[in-house]
Amino acid sequence: MQLARLLRRSFFNRDPRAVGPALLGKIVVRRQGRKIRAGRIVEVEAYLGADDLAAHAAAGRTERNAVLFGPPGHAYVYFIYGVHYCLNISCMPKGEAGCVLIRALEPVAGMEEMATARGLISLNLDSARDLRKLTSGPGRLCEALEITRLRDNGKDMVSPESDLQVLDDGFHPAKVLVTRRIGISKSAAMPLRYVIAGNEFVSGKTAI
DNA sequence: TTATAGATTGCCT
DNA sequence: GGCAATCTATAAT
């Protein structure tokens, strides 16, 4: 990973359909004292506003989804299925809803800490097959980075002070694939899932 | 007040 | 491939 710098807030101050593919190849960093955990974004989904029935913002602003209507570049973390957290980054100017769901990361740093956080004791860090278990899925990556609603919801991800940030190290994916979103029933036809073509850390499919 | 579905994962057969 | 885990928001009594 070369010199990496924080993304600008303006990066997120636009339509999630523009932010989504642009986020592929960027790096999510969790700072914890001197330790850092980091992963390259390889899979995301865009969630829109009132026109997108699958989006939490579709029913209007509530206490839960307030971050979506706030300024861009902030973490929207929600709890799902009584088990998992999911990490989104707010998009669009303040007052307008929209976000991008981070669905999978390619581990870059802090893999041992990730494995511990995931409860994967005997993980072989030299095995790509094993590394997939760390962050290949929205619930998994939150567990690996210890992202929770209480701790991280509303956190500014483009602030130098934040312990949860998005960085750009200049990497650009060779090819981006666009598909339908996964795991939803409403507004399911829209092509709003973006993945780095051929990347093995994309969630789902590949047997683990 | 009670019921149900949900932007998931891992263990079971 | 099926399904339980188990919290939250929203719909239905």
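Naming convention: chains lettered A, B, ... in sequence-line order (proteins, then strands); numbering from 1 in each chain. Hydrogens, waters and symmetry mates are skipped; everything else that's a heavy atom, side chains included, is used. A quick note: this is a predicted structure, and the numbers were derived from the prediction, not measured.
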(request) Provide, to the nearest angstrom, the distance between the CD1 atom belonging to A:I147 and the P atom belonging to B:dT9. (result) 13 Å
(request) Between A:S185 and A:H84, just flag the one whose closest nucleotide in DNA chain B comes earlier from the 5' side. (result) A:S185
(message) Any strand counts, and the cut-off is 3.5 Å on both contacts for Watson-Crick or G-U wobble. Which nucleotide pairs with C:dT8?
(response) B:dA5
(request) Answer with base, sugar-phosphate or nothing: what part of the nucleic acid does A:F79 contact at a heavy-atom distance below 4.0 Å? (result) sugar-phosphate
(message) Could you tell me if A:R40 sits above the aromatic ring of A:F201, with its cationic atom closer than 6.0 Å to the ring centre and no more than 45 degrees from the axis?
(response) no
(request) State whether the distance check finds a donor on one side and an acceptor on the other, under 3.5 Å, for side chain A:Y78 versus base B:dA7. (result) yes
(request) Let me know the distance between OH of A:Y81 and C1' of B:dT8, rounded to the nearest Å. (result) 6 Å
(request) Look at the side-chain N and O atoms of A:H56 and state whether any lies under 4.0 Å from the OP1 or OP2 oxygen of B:dA7. (result) yes
(message) I need the CG-P distance between A:N65 and C:dT10, as an integer number of Å.
(response) 8 Å
(request) Using whole Å, report how far CD of A:E63 lies from C1' of C:dT10. (result) 15 Å
(request) Would you please classify the geometry between the A:Y85 ring and the A:F79 ring as parallel, tilted or perpendicular, with 30° and 60° separating the classes? (result) tilted
(message) Without decimals, in angstroms, what is the distance between A:K133 NZ and B:dT9 C1'?
(response) 13 Å
(request) To the nearest Å, give me how far apart OH (A:Y85) and P (B:dT9) are. (result) 15 Å
(message) Stacking between A:Y47 and B:dA7, defined as ring centres under 5.5 angstrom apart with planes under 30°, is that present or not?
(response) yes
(request) Taking the side chain as every heavy atom from C-beta outward, state whether A:Q32 and A:D163 have any pair of such atoms under 4.5 Å apart. (result) no
(message) Would you say that A:I36 contacts A:Q165 through its side chain, given a criterion of any heavy-atom pair below 4.5 Å between the two side chains?
(response) no
(message) Would you measure the distance from the C1' atom in B:dA7 across to the matching atom in C:dG1 and give it in whole Å?
(response) 22 Å
(message) Measure CZ/A:R118 against C1'/B:dT8 and give the value in whole Å, please.
(response) 11 Å
(message) Assuming nearest nucleotide by heavy-atom distance, tell me which of A:R149 and A:G82 is located more 5' along DNA chain C.
(response) A:G82
(request) State, with a plain yes or no, whether a side-chain heavy atom of A:I89 is found less than 4.5 Å away from one of A:F11. (result) no
(request) Check every atom of B:dG10, B:dT8, C:dA9 against the side chain of A:R64 and return the nucleotide holding the closest atom. (result) C:dA9
(request) Return the value, rounded to whole Å, for the distance between atom CG of A:N153 and atom P of C:dT8. (result) 13 Å
